[in-house]
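What follows is a set of notes on a single structure, which appears directly below.
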Amino acid sequence: MTAPSHRAFDTAVPLDVPEDLAGFETPHPSATIGGPRRVRLGLILSGVFVAFLIAASIAPSLFTHFDPLVGDFSEGLKPPGWAHLFGTDRLGRDVFARTVFGTRYSLLIGFGGVAVGLGAGIVLGIIAGQRNRILDEAVSRLFDMLSSFPGVLLAMLIVTFLGQGMLNIAIAVGIAGIPKFGRVVRAQTQLIRDADYVTQAAIYGLSRWQVFIRHVLPNVLVAIPIIATVYIGSTILIVSGLSFLGLGPQPPTPEWGVMLAESRDVLRVAWWPGVFPGLAITATVIAFSVIGNHLQQRFEGRLA
Amino acid sequence: MWSRIISRLLTSLVVAWASVTATFLALHALPGRIQDILAGDVEYPGLREAIAAEWGLDQSLPMQYFEFLSRILRGDFGTSYVLRQPVIEVVGSQLLPTVELALTAGVLAIVIAGLIALLTAGRGRLSRELASFVELVFASTPVFWLGILLLMAFSFNLRWFPVSGAEGWSSLVLPAITLALPTAGLLTQVLREAMEKTLDQPFVTTVRSRGVGEFIIRWRHVLRHALLPAVTLGGWLIGGLLGGAVITEKVFGRPGLGTVTLGAVLTHDVPVVLTVVLLAAFIHVAASTVLDILYVLIDPRLRAQ
C-alpha cells in the first residue's frame, strides 16, 4: 500500500499554518519505542537483520543449498520442517531458498526506486531551496501536482507507458516518490542556506556561487544517505505491492511480492507459502525504518 | 480568513490544471506515435484513424491541448479501444464497490486510530511502548499480505466470511479491515503524538485543576485539539485508500476500479488508466482543499488572522 512516507521530514503544511500549530512532528513509531536502552536493542537487532539481508542479496547460496527455481514435484507442498525450513511450494521448490534469493530483488528495486526519486528530488529540491520565490513556487506546485496522484496509481500509469519489469517499476516508484524526496531536500537546503556559517561565508566576501558550492551543497548532500535509509522501507513496501499485482518481475522469479501472488492458489491447503515471504517484507521494512529513524534523530542537530 | 480560503481554492485549481497538463505532456513526450500509444495492444482496421480523429491529432499541438482540456472539463475522457466503450462508462460502472470499500476502510481506520490514541496517549511507558510497536508493525505490513493472512484465518479456516466477491456486507468485512489496519497504523502514530503534545499544554492543566475527569479531558478537550494536525493528513488518507483499494480488490477478487485498472495496465489500455489516475488526483485535490478550508473554519486562531 502507499505507505505515506514516514513523514518526519515532510514540511508540507497547508495554508501557511503558523509553525506552532502545525509543528506536530510525526516520527515513525520506532522513534518512540521505550527508553534509550530499548532503542539500542531494537537498533542492534535491526542492524544485524539488515546485515543478513545484504549478505543474502550478495551471496544467497551461503544460506541454502536448494535451488530457488527448480523443485522436486514429489516434494510439493511439504510443511515447514528440518528438511525444508519454510516448507515447499506447489512445485516442490524450497520456500526458504526462494525467500533468501528474493532478498536481492526487493533491495535492488527498492534502492533503485529511491535512487531515481532522490536523484530528481535533489536537483529540484536544491532549485526550490534557493532564494528565488518564483522558482520555489513553481517547483513546489510541481511537487503538489505529483503528490496529488496516489503513489500506487501513478506507478501503474508509468508501468502502462513503460511496460512491466524490474527496472520499470523502480523508475515508476522513483517518479512517484519525487515530491517526497524533493520536499525534504528543499527544507534541508533552506535550513543550510539560512544557517549562520553560511551568512558568515557571504560576509567574508565569497561569491554566491562559491558559498553554494563550498558550504551549502556539501551540507545538503551529507543528509542524503540518511534520507535514503528513512525512505527505503516505504519504497520496498510499494514495490512489493506492484510486484504482487504482477507489474514487476515475472514468475518464476523468487521475488517476495510475486511469491505471495502465487501462494493465493494454494492457501486453502498450505499456509506457509503465504506467510514467510510476507514476514520477510515486514521485517525488512521495520528494520530499515528503525535504523533510518535512529540516524535521523542522531544527526538532526548537526544537519539542521 | 476569506483571502486564505480563496487563495487555497486557486492553488487547488492550479494543481488540478497542472496534473491534466502533465498527463497531456507525458502522452506527447513518450517515444512513438500517439495513435500507437493509445491503441496499446489492440489492432483492428480503422482504429488508428479513429483515434487520430477523436484526439484531433492532425491539429497543431496547442490546439490539441485546448481540445484535451475542454473535453476533460466536459467529462469526456475518451474511448477504451480495448473494451470499445467510452472510458467514463467503464470507470463509472465500477466506481461503487471501490468507493464502498475505501469509505468503510477509511471510517474504520479513523475509529481505530482515535480509540488507540485516546486510550494510550500519555499513559504509562508499557502501554505506550506496546502501542508504538503495534503501530510500527501495521505501518510496515503490506496490505496484500495482511489480506492473505486474514483470508487464511477467517475464510479458509474459520469459514466466517466468503473468500471472494462483493455481495452483501459479509464480503466487505475482510477487505475493509485489510485496507484499514495499515492506514490506522500511521494515523494512530500521528494522532497519539499530537495528543501527547496537547496533554502537556497549560490549558489541559487548567481543565484538570477544575476537577474534570480524565476521560472527559481527553475526549472533549485533548482529542479535539489534537485532531487539527490530523486533519491535514486527510488528503494523504484518501490517496492511500484509493491506491490500497486497488491491491485489496486483487487479493479478495472483488470487482471494482482496481480490477479495471489492473486489467487496463496489462492490456496497455492507456485511456482507462489515464482516467482512473486523473480522477483519483481530482478526488485527492478536492478532498484536501475541503479539509484545509475546514481547518481554517474549525480553528479560531486561524480565523482571526
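Keep in mind the model is a prediction, meaning the values are calculated, not measured. So that the names make sense, note that chain A is the first sequence line, chain B the second, and so on, each numbered from 1. These values consider heavy atoms only, across backbone and side chains, with no hydrogens, waters or symmetry-generated copies.
Residues B:Trp145 and A:Ile281 have side chains not in contact (no heavy-atom distance under 4.5 Å, counting atoms from C-beta outward). A:Trp271 is not listed as a side-chain neighbour of B:Leu149, based on a closest heavy-atom distance of 4.5 Å or more. For the pair B:Phe144 and A:Ser240, the minimum side-chain heavy-atom distance is below 4.5 Å. For the pair B:Lys250 and A:Leu245, the minimum side-chain heavy-atom distance is below 4.5 Å. Within the 4.5 Å cutoff, no side-chain heavy atoms of A:Leu153 are placed close to those of B:Val273.
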Inset, instruction - Could you walk me through whether B:Leu266 and A:Gln164 pass the side-chain contact (heavy atoms from CB on, under 4.5 Å) test, one step at a time? - result: CA-CA 8 Å; B:Leu266 297 176; A:Gln164 289 136 270; 3.6 Å; yes
Inset, instruction - Show your reasoning for whether side-chain contact (heavy atoms from CB on, under 4.5 Å) applies to A:Val290 and B:Leu136. - result: CA-CA 9 Å; A:Val290 169; B:Leu136 174 64; 4.2 Å; yes
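Every residue two or more places apart in sequence or in another chain that forms a side chain to side chain donor-acceptor pair (under 3.5 Å) with B:Thr21 is listed here: B:Trp17, B:Tyr65. Residues passing the side chain to side chain donor-acceptor pair (under 3.5 Å) test with A:Glu137, sequence neighbours excluded: A:Arg141.
Heavy atoms closer than 4.5 Å to chain A are found in both the backbone and the side chain of B:Leu274. Both the backbone and the side chain of B:Val251 come within less than 4.5 Å of a heavy atom of chain A.
A distance of 12.5 Å separates OG in A:Ser148 from CD1 in B:Ile238, rounded to the nearest 0.5 Å. Atom CZ in A:Phe244 sits 5.0 Å away from atom CD1 in B:Ile148 (nearest 0.5 Å).
Ranked by heavy-atom pairs under 4.5 Å with chain B, the first of A:Leu154, A:Leu242, A:Leu247, A:Val275 is A:Val275. Annotation: maximal heavy-atom pairing with chain A below 4.5 Å, among B:Leu262, B:Leu242, B:Thr267, occurs at B:Leu262. Note: A:Thr160 leads A:Ile158, A:Thr160, A:Leu142 in heavy-atom pairs under 4.5 Å with chain B. Among A:Val159, A:Ile236, A:Leu157, the residue making the largest number of heavy-atom pairs under 4.5 Å with chain B is A:Leu157.
Below 4.5 Å, heavy atoms of chain B meet heavy atoms from A:Leu260, A:Ser263, A:Arg264, all part of residues 259-266 of chain A. Using a 4.5 Å cut-off between non-hydrogen atoms, the part of residues 281-290 of chain B that approaches chain A consists of B:Ala281, B:His284, B:Val285.
Here the shortest heavy-atom pairing between B:Ser140 and A:Leu237 reads O-CD1, 3.4 Å. Counting all heavy atoms, side chain and backbone alike, B:Gly239 lies closest to A:Pro150 at O-CB, 3.4 Å.
Shown here is A:Ile134, whose CD1 atom has no more than 12 heavy atoms of other residues, nucleotides or ligands within 6.0 Å.
A donor-acceptor pair is defined here as one N or O able to donate and one able to accept, closer than 3.5 Å; no such pair exists between the side chain of B:His268 and the backbone of A:Phe161.
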